[in-house]
Amino acid sequence: MSAIEQEDEDRETARFPGQRPPRASVGSHRIEEEVFGKAYDPRTVRRIWAFVRPYRRKIYLSVAAVLVFTATQLAIPLIIGRAIDSGMTQGGNTTNLLWAMGAFALAVLLNYGASYMQETQVGQVAEHVLFDMRRAMFAQLQRVSLSFMDKTEVGRLMSRLQGDVNSMQEFLETSVISVGDMVLLIGIIVVLLSLDFRLGLLTLSTMPVLFVVRIFWLPRAKRAFWAAHETNSITAGAMAEGINGVRTVQNLDRQKVNFDLFDDKAYSNLQTQLTGSRYAQVMVPIVDSLTGIAMAIVVVVGGSLVLNGGLEIGVIVAFLFYIQRFFDPIRSLTMQYSIMQRAMTSGRRITEVLDVPASITDKPDAITLTREMDGSVEFRDVVFGYSDDRPVLKNVSFTVKPGETVALVGPTGSGKTSAMSLVHRFYEVQSGAVLVGGHDVRDVTQESLGEQVAMVLQEPFLFTGTVFDNIRYNKASASLDDVIAACQAVGAHDFIMRLPGGYDSVLEQRGSNLSLGQRQLLSFARALVADAKILVLDEATANIDSYTERQIQKALVTLLKGRTGMVIAHRLATIRGADRIIVLQNGELIESGNHEELMPKGGLYAKLYNMNYASFDDIPDELVAKVNARAAST
Amino acid sequence: MTTDKAGRVHSRGDAQAHVAAAHAGKGQSPLLRITLYSLRHPWRAAAAIGATIIASVLQLLIPRLLGRAVDQAQNILSIGAQEAEQALFWSAVTLLVVSVARGFFTLCQNYFSESVGHHVGYELRLAFYDKVQRLPYAYHDRVHTGDLITMGLLDLDGVRMFFATGLVRVVLLSVLIGVGAYMLLTTDLLLGFLALSFVPFVAWRSSVAQLTLRKTWLMLQDKLSALTRVMEENLGGIRVVRAFSGQKFELGKFDHASKEALELSHQRVLIRVRNTSAMTFSFFAAMGLVLWAGGNKVIAGEMSVGTLASFLTFMTILQMPVRQLGLMVNSFARASTCGNRLFAFIDEPLTIEDKPGVPDLKVSEGVLRFEDVQFTYPGALYPTLDGITFEARAGQTIGIVGAPGSGKSTLAHLIPRFYDLTGGRITIDGQDVSQVSLHSLRRAVAVVQQDSFLFTTTIENNIAYGDPWSKESRIERAAESAQLHNYILGLPLQYGTVVGERGVSLSGGQRQRLSIARSLVLKPAVMVFDDSTAAIDAGTEHRIRSAIRRYAKDRVTLVISHRLSSLLHADIILFLEDGKIVERGSHEELLAMGGRYRALYDLQTRPDNDVHFGSAAE
């Protein structure tokens, strides 16, 4: 078989021109569920009200302002009508006109004041509530247990902190206005009927028509708008993916396929946008026609009433003015319903976050761990698991003496990382106890525990900000000199000085402009500045080039000097340098001792060591399994 | 193209034409260029503008008709009843017809102008996307991805909406204000002036307000994205936060960012409210003046009540559009800045593209040659690579080693022409890589990158990324060679499992294996591993290597690594330092040489024995 035939055999071919490849897509998009829920949910409303309550005076004030504002809007056509009827005929009465002008001026001033008052108050309250809600959620997320954070996607939380909070804001801003709309609607009805009952009734008969039309129109239009919104996000997602992955796209020569697939998405977006547009615009002629009908009624019927002497001309003018404003409140009130539905769903989602229990809290009589404690760490019969039925650590006991460095060693899944997290009380033990400086970690304040136990994680995490701020982090007392001293000690000073702004250089996008090794060194410096008595460190597994690697090893020595150290060690150099090695397997402590003591025992450690890999992580899982099997059989 | 339910595609075939059209008009001012681009839909544009003119004229007729009806009703007692009723009836009918027609033409105005906008948006999106894909690495190195995304979303919107919110509004306002003013002033000069007196004030206030709001909006976006970053980094780095007990510190950062955003939001509310209240006030004040002066005229017998009523309704009709004048000004400002950015991007010259009429690359023997290759990054003072010369034949493996920054990855990127050389040449079977089509070159050369992008789609689609027509057998074979097949079988949906940002997350090593599988699917003539096994353990790497060696006899393999164990089997190893090859030879030869390679080897095989921690060290 020639190479060409082979080529054809394992590739599919297009069955018709323009067919898209079978295994290709661009962009990904989480389809958000369309919201058609309840528009009023008393429990959620109560929770939301708790946030609005502090500002309730302003809310009352703005509702009052809305009422005044609406009243003036209602009054102005009336005043004009009165002005016309009370002497606006040839040779009529100027005094009456003057009175009318006075009333008009008063109404306009009130209108101005009320609208100013209402809009500033409502706008600011809504902004305040928005920020307060977001802060409450954010503060809650600082307290909730890490097990919750472990299983929750950051993107999901962010959409609650932003999208949901924004729809609450929209709801607050519009709801006061809709109070005004409601009053305006009722006001217009009352005024029209009281000006002239028959004419009012006839004119108002066009109103229910609009209601009915909108009831039919709304669900369909909402679906069309939703589809337009969705396809728009899909297209935007595909575009963002094309930008983020552009190097890989060019590398694998996918431009043509991607262009066609993107075209598909963009074109379907065009179609849904046009449909949405049609739905939005179809209401215009309907409202205009109804306005036309209402005006025609006023002219014909009003005219004949004037003829019969039953109506004055000013009333007709007032009617015509009201008709111009007639349908606005109906339009915005029906929109408000959708906004309420959305707000209820968002409100529920926000309260869900607020209700996540903070499972790890300080005891009321918790003591403060001070620097004077001895710096020992003890695990006493610790049982721990992320769920009750699957223990990750089974009855583990050991003690780390003050100033000692202990290496935790073991295959993946042996419970090393969990053991480390317990020292910092990221999770609660199921039974037994973890003691730091002789105190159960549950008896001391979390804040003081954090001050005495510094941690270096496997993946160095940097924040956007200057190098200085990153290294100093939470330790406000640290000066630039302290930071520089720390960086010199870990060997990061030289490369920092080579950055364009030295210690003031801003690390973009979590330090993506630095290499992994450099980021590791910065996280070492951060731990050094924190100057804790106990250091817990998870050594990086990723392969770093040999030069940086050497630098990191040296930094590690500096970092551990004069501190109690617990290191999850991957590198032989680190392991051999430790005072004591603790070997974990399947959540149990199986060996403990220094290198010289463990080697003659011929246990798991000796076997792994003898395989001569530069790092324990290089050893393939299968070999570890084999060693274990052998160990089990002997 | 649209796909029906059967998966068939209806060809539109003009996507490329849209892209080409977007490139026309280089050098024009952005507003002119947007206008001309929008007019590529002449029928829709003409319908929109025609409807706008008709709708605004009809709009202006309504106050007249109302005024006449009022007069007819008032005079009803003086004229004969029958006659008067008939006149009123016809007035009513005319009003109704005009209203319905106005509604219809307003619909046309809005729909067609939005439609032009949506079409323009669709076409510019294609052009934008096309350009993103074509611009070379050098461009993408320079420009932040976030800025590109903003350009593709917000700037594109600013340009797209210009027709509807800018141009059509100019027509609308000119007709309404122009014709309206003519009608008012010819009816009664004084009253006309009074009725129009609010127009300049509102136009001015609303323009100032919109421009200020736009400026503060951009500032607010900055503040909000700072706030977002604080939240995102906090949640992403929650372990660091907890490890350093930084919760209070983080809340402090949040409050600081939040406070700044809140203050700016408040400021914006005030700007908006001050202006809208002032505009409403000026409108009503003008109305009051009209009422006063008109009322006196009626009393003096110089004007009918109907004419006064028509003046007042004129004003209510003019009110909304005049307020929108600010939006129009804003639309011009926005389209101008957005258009500048977007078109500058579309006009960005392609420094790497097919030279006219170049042939496809034909691989026969599979010989890759570097001839005195020199490369300097744009803006850099020193060359990253200098005087690189070597030859590799099919079946051979070349190892490349060197300290970070020695130019290893750059060398890999030159072969598929991600960058163009600044000196020397690279050939494959005697054909200069810059003299063949990019498409054929990149098919023949696969670079497995250090961190390849993982697309949020199934594993299968990810592996078949370079050749989405691959059958399952081919995909599975590649995954097997990359030692990923067994892992995939353990996943819930196996090859159909979605990975990436919104799917199952893969470890660094798994990602690297996936990108190896991706390249294997292509069956390339030259395969470059650019430090692409760093996160894979040595044992698995060994198995990958022996699995792909079976297919490697027709292929040149380049392995870039800092882990010497990855290079042991290479036929030739090149040691790079500061962009130059300082040592070359096989592993044994280099060891015997006792130079830099030897030193690195010693460093890696004999870890420091003097490392010692803690108390025992003292």
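- Only the side chain of A:Ile76 comes within less than 4.5 Å of a heavy atom in chain B; its backbone stays farther off.
- Interface summary for chain B: among A:Val257, A:Val300, A:Leu274, the most heavy-atom pairs under 4.5 angstrom belong to A:Leu274.
- Residue contact with chain A, scored on non-hydrogen atoms closer than 4.5 Å, is absent for B:Ile463.
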Next item on the list: Decide yes or no on side-chain hydrogen bond (donor to acceptor under 3.5 Å, both in side chains) for A:Asp253 and B:Tyr465, but give the supporting numbers first.
Entry: CA-CA 9 Å; A:Asp253 194 42; B:Tyr465 200 77; over 6 Å; no
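- For A:Met239, the parts sitting under 4.5 Å from any heavy atom of chain B are the backbone and the side chain alike.
- Looking at B:Ser99 and A:Met295, their side chains come closer than 4.5 Å, going by heavy atoms from C-beta outward.
- Only the backbone of A:Gln446 comes within less than 4.5 Å of a heavy atom in chain B; its side chain stays farther off.
- In this structure, the portion of A:Phe104 lying under 4.5 Å from any heavy atom of chain B is its side chain and not its backbone.
- When all heavy atoms are compared, the tightest approach of B:Arg443 to A:Leu252 is NH2-O, 3.4 Å.
- Only the side chain of A:Ala530 comes within contact range of chain B, with heavy atoms under 4.5 Å apart.
- With a 4.5 Å cut-off on side-chain heavy atoms, B:Lys471 and A:Pro22 do not count as touching.
- Annotation: maximal heavy-atom pairing with chain B below 4.5 Å, among A:Lys256, A:Glu451, A:Glu447, A:Lys401, occurs at A:Glu447.
- Heavy atoms closer than 4.5 Å to chain B are found nowhere in A:Ser448, neither backbone nor side chain.
- Proximity to chain A (any heavy atom under 4.5 Å) is restricted, for B:Asp255, to the side chain, taken from C-beta onward.
- Atom CG of A:Leu270 and atom NE2 of B:His119 lie 4.5 Å apart (nearest 0.5 Å).
- To the nearest 0.5 Å, atoms OG (B:Ser265) and CZ (A:Phe131) are separated by 4.5 Å.
- Only the backbone of A:Ala238 comes within contact range of chain B, with at least one heavy atom under 4.5 Å from a heavy atom of that chain.
- Contact check for A:Phe463 versus B:Arg229: no side-chain heavy atoms found under the 4.5 Å cut-off.
- For A:Ile293, the parts lying near chain B are the backbone and the side chain together; criterion is any non-hydrogen pair under 4.5 Å.
- The CG atom of B:Leu438 sits 8.0 Å away from the CD atom of A:Gln255 when rounded to the nearest 0.5 Å.
- Residues satisfying the salt bridge (charged side-chain N to carboxylate O under 4.0 Å, His left out) test with B:Arg125, not counting sequence neighbours, are none.
- Looking at A:Leu141, both its backbone and its side chain come within 4.5 Å of chain B, counting heavy atoms on both sides.
- We find the CZ-OG1 distance between B:Arg518 and A:Thr248 to be 6.0 Å, quoted to the nearest 0.5 Å.
- Residues A:Gln273 and B:Glu114 are not in side-chain contact: their nearest non-hydrogen atoms beyond the backbone lie 4.5 Å or more apart.
- Looking at B:Ser258, the atoms closer than 4.5 Å to chain A (heavy atoms on both sides) sit in the backbone and in the side chain alike.
- No side-chain heavy atom of B:His140 sits under 4.5 Å from any side-chain heavy atom of A:Ile243.
- Residue with the most contacts toward chain A among B:Leu66, B:Asn234, B:Leu270, B:Val70: B:Asn234 (heavy-atom pairs, distance under 4.5 Å).
- Within the 4.5 angstrom heavy-atom criterion, no atom of A:Val287 approaches chain B.
- Heavy atoms of B:Lys248 lying under 4.5 Å from chain A belong exclusively to its side chain.
- Between chain B and the options A:Phe138, A:Phe426, A:Tyr116, the largest number of non-hydrogen pairs under 4.5 Å is found for A:Phe138.
- Annotation: the span from B:Asn110 atom CG to A:Ser277 atom OG amounts to 8.5 Å, rounded to 0.5 Å.
- For a residue to count as touching a neighbouring chain, one of its non-hydrogen atoms must lie under 4.5 Å from one of that chain's; by this rule B:Val100 touches chain A with backbone and side chain alike.
- Side-chain atoms of A:Asp263 and B:Tyr129 form no donor-acceptor pair, as typed in the model, at a separation below 3.5 Å.
- The nearest pair of heavy atoms linking B:Ile299 to A:Leu97 is CD1-CD2, 4.1 Å.
- Atom OG1 of B:Thr106 and atom CD of A:Gln281 lie 9.0 Å apart (nearest 0.5 Å).
- In terms of heavy-atom pairs under 4.5 Å with chain A, the best-connected choice from B:Phe281, B:Trp469, B:Phe128 is B:Trp469.
- The most heavy-atom pairs under 4.5 Å with chain A, out of B:Ala69, B:Ser470, B:Ala464, B:Ala309, come from B:Ser470.
- Only the side chain of A:Asn111 has a heavy atom closer than 4.5 Å to any heavy atom of chain B.
- Between chain A and the residues B:Thr457, B:Ile475, B:Leu312, B:Val98, the largest count of heavy-atom pairs under 4.5 Å involves B:Leu312.
- Among A:Thr235, A:Val284, A:Val246, A:Asn269, the residue with the largest count of heavy-atom pairs under 4.5 Å with chain B is A:Val246.
- Contact annotation: the side chain of A:Asn251 never approaches that of B:Phe453 to less than 4.5 Å [non-hydrogen atoms, C-beta and beyond].
- For B:Ser115, the parts lying near chain A are the backbone and the side chain together; criterion is any non-hydrogen pair under 4.5 Å.
- In this model, a donor atom of one side chain and an acceptor atom of the other lie less than 3.5 Å apart for A:Tyr473 and B:Glu250.
- Taking B:Gly466, B:Gly103, B:Ala285 one by one and counting their heavy-atom pairs under 4.5 Å with chain A, the maximum is reached by B:Gly103.
- Using a 4.5 Å heavy-atom cutoff, the side chains of B:Thr280 and A:Tyr112 are not in contact.
- Interface remark: B:Thr228 contributes backbone and side-chain atoms alike to the contact with chain A (heavy atom separation under 4.5 Å).
- Counting heavy-atom pairs closer than 4.5 Å to chain B, the top-ranked of the candidates A:Val26, A:Thr291, A:Leu320 is A:Leu320.
- Because its NZ or CZ atom is not both nearer than 6.0 Å to the ring centre of B:Phe418 and within 45° of the ring axis, A:Arg247 does not count as a cation-pi partner of that residue.
- Applying the side-chain hydrogen bond (donor to acceptor under 3.5 Å, both in side chains) criterion to B:Arg268, with sequence neighbours excluded, gives B:Thr216.
- Contacts with chain B were tallied for A:Gln250, A:His128, A:Gln124; A:Gln250 has the most, counting heavy-atom pairs under 4.5 Å.
- When B:Tyr137, B:Phe89, B:Phe104 are compared by the number of non-hydrogen pairs under 4.5 Å with chain A, B:Tyr137 comes out ahead.
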